[in-house]
Engineer: 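I'd like to ask some things about the structure below.
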Amino acid sequence: MGSPRRILIVGNWKMNGSRQSRQELDAMAAGLDPAFSEKADMLVCPPAVLLAGFTENATGPIRFGGQDCHFNESGAHTGDISPEMLREAGAVAVILGHSERRADHGEGDAVVKAKVKSAWRAGLLPIVCVGETLAERDANEASAVVARQVRQSIPRGAEGGNLVVAYEPIWAIGTGRIPTPEDVAQVHNTIRNVLNERFGEEGEKIRILYGGSVKPDNAKTLLAIPNVDGALVGGASLKANDFLGIAHAVL
Ligand code: 13P
């Protein structure tokens, strides 16, 4: 049984890629089965400096997003990029609160919440990441941790069309380890309940992606789990063949 929501497959390139990666993108666009676009969307989130080059003259099914943004529109914030700047560079979405941002840059739920509002201000679709550590999973706290992150990182006003949540267990990122389908189902169900509780009917429309070691050989299984409405893919989004293998699992 597939998701009743429109599937979203997102590639998070992290700090990888170069201008030459355009070739990989072209191969992804050319290789994507036309039937994919009937039920799903594809987003690629490259490093911000590559965005404008990739979006210029971009045709075809792939759209683009940023990997983070500041919550202000402009100002004295050395090294930061505003959501308006991402938008001007051609982005339609932005990943926020990724565990690598939370760990490397000390971002907490309050900052992520401010960033979500700023993404809305700029007309970007925020993809808010949540997920537990291995210690929290072992202590049976995964659902409670994730529920708290969803409550505290997402502001009022979320709707099906303006928010995506991504569940990424931190211990599954880049490790090749993934939770069992039952564990994924349990956390996604928890997230759905929190969204419904807070946003009523709109909560039911918000897409919840799974991320963490998604590969062509496990994508079909993951996408068949209730309340899994797509995937947030790191390593396997860098190569056209792998990313297409994941995208074609929706067919
Ligand atoms: P991997 O797919 O490389 O495990 O990364 C997942 C991730 O962090 C995507 O945001």
Side-chain angles (χ1 to χ4, degrees), residues 7-17 21 24-25 28 40-48 50-51 62-69 86 91-105 107 112 115-116 119 124-134 136-137 142 145-146 149-150 153-154 163-181 183-184 187-188 191 207-223 225 228-250:
I7 298 284
L8 179 62
I9 304 293
V10 183
N12 174 10
W13 282 14
K14 308 191 180 185
M15 202 168 69
N16 297 292
S21 311
E24 214 62 46
L25 279 175
M28 287 174 193
D41 295 311
M42 179 180 276
L43 269 176
V44 170
C45 302
L50 298 177
L51 261 177
I62 303 177
R63 295 200 296 166
F64 295 89
Q67 299 177 8
D68 175 50
C69 66
L86 292 175
V92 297
V94 60
I95 297 169
L96 295 174
H98 192 281
S99 61
E100 288 151 15
R101 297 292 315 173
R102 292 178 187 259
D104 295 354
H105 300 274
E107 293 185 7
V112 176
K115 292 184 176 197
V116 173
L124 296 178
L125 175 71
I127 301 168
V128 175
C129 302
V130 294
E132 82 284 1
T133 62
L134 188 56
E136 289 163 341
R137 158 76 45 195
V145 167
V146 166
Q149 289 174 330
V150 171
S153 317
I154 299 173
L163 184 82
V164 172
V165 177
Y167 169 52
E168 296 207 307
I170 296 170
W171 52 274
I173 296 176
T175 59
R177 292 183 58 193
I178 57 169
T180 63
D183 288 342
V184 173
V187 177
H188 279 242
I191 296 172
R207 288 171 291 183
I208 308 172
L209 314 183
Y210 169 80
S213 295
V214 179
K215 306 289 175 203
D217 62 3
N218 60 25
K220 229 183 173 70
T221 306
L222 288 163
L223 290 169
I225 298 170
V228 173
D229 308 312
L232 178 54
V233 186
S237 70
L238 295 168
K239 290 274 167 245
N241 276 347
D242 290 342
F243 201 39
L244 287 171
I246 291 169
H248 290 157
V250 313

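In each ligand, atom 1 is the first atom listed, and ligand 1 is the first ligand listed.
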Engineer: Checking the N or O distance criterion of under 3.5 Å, is ligand 1 in contact with E100?
Structural biologist: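 The answer is no, given that E100 and ligand 1 share no N or O pair closer than 3.5 Å.
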
Engineer: Could you list the atoms of ligand 1 found under 4.0 angstrom from a heavy atom of E168?
Structural biologist: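 Reading through ligand 1 atom by atom, the close ones are 6 (C), 7 (C), 8 (O), 9 (C), 10 (O).
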
Engineer: At less than 4.0 angstrom from any non-hydrogen atom of S213, what atoms of ligand 1 do you find?
Structural biologist: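 Under 4.0 Å from S213, ligand 1 has these atoms: 1 (P), 2 (O), 4 (O).
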
Engineer: Would G234 count as being in polar contact with ligand 1, using the rule that some N or O on each side must be under 3.5 angstrom apart?
Structural biologist: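 G234 vs ligand 1: N/O contact under 3.5 Å present.
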
Engineer: List the atom of S213, the atom of G174, and the distance in Å for their closest heavy-atom pair.
Structural biologist: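 Taking S213 first and G174 second, the nearest heavy atoms are OG-N, 3.9 Å.
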
Engineer: For E24 and S21, test the side chains for any donor-to-acceptor distance below 3.5 angstrom and give the result as yes or no.
Structural biologist: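 E24 vs S21: no donor-acceptor pair found between side chains.
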
Engineer: Can you tell me which residue and heavy atom of the protein come closest to atom 4 (O) of ligand 1, and the distance to 0.1 Å?
Structural biologist: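 Nearest protein contact, heavy atoms only, for atom 4 (O) of ligand 1 is G174 N, 2.6 Å.
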
Engineer: Would you mind running through ligand 1 and noting each atom that sits below 4.0 Å from a heavy atom of I173?
Structural biologist: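 Selected atoms, number and element: 4 (O), 5 (O), 6 (C), 8 (O).
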
Engineer: Could you establish whether A236 and ligand 1 come within less than 4.0 Å of each other, counting only heavy atoms on the residue side?
Structural biologist: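 No.
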
Engineer: Less than 4.5 Å apart, any side-chain heavy atom of V187 and any of Y210?
Structural biologist: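 V187 does not reach Y210 side chain to side chain.
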
Engineer: Hey, looking at atom 8 (O) of ligand 1, which of K14, R177, Q67, K215 has the closest heavy atom?
Structural biologist: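 Heavy atom nearest to atom 8 (O) of ligand 1 belongs to K14.
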
Engineer: Under 4.0 Å from a heavy atom of N12: which atoms of ligand 1 are those, numbered in the order shown and with their elements?
Structural biologist: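 Heavy-atom distances to N12 below 4.0 Å select 9 (C), 10 (O).
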
Engineer: Quick one: pull up CD1 in I127 and CG in L96 and give me the separation to the nearest 0.5 Å.
Structural biologist: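 So the CD1 of I127 and the CG of L96 are separated by 8.5 Å.
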
Engineer: Considering the heavy atoms of L232, write down every atom of ligand 1 situated less than 4.0 Å from one of them.
Structural biologist: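 That gives atoms 9 (C), 10 (O) of ligand 1.
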
Engineer: Go through the side-chain N and O atoms of D183 and T180 and say whether any donor and acceptor fall under 3.5 Å apart.
Structural biologist: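 Yes, side-chain donor-acceptor contact under 3.5 Å.
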
Engineer: Going by heavy atoms in the side chains, are T221 and P181 under 4.5 Å from each other?
Structural biologist: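 Sidechains of P181 and T221: in contact.
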
Engineer: Is it true that Q67 and H98 share a donor-acceptor pair across their side chains at a distance under 3.5 Å?
Structural biologist: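 No, Q67 and H98 have no side-chain donor paired with an acceptor closer than 3.5 Å.
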
Engineer: Taking C-beta and beyond as the side chain, do H188 and D229 meet within less than 4.5 Å on heavy atoms?
Structural biologist: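 No, too far: nothing below the 4.5 Å cut-off.
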
Engineer: Going by the atom numbers of ligand 1, which of them fall below 4.0 Å from some non-hydrogen atom of G235?
Structural biologist: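 With G235 as reference, the close atoms of ligand 1 come out as 1 (P), 2 (O), 3 (O).
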
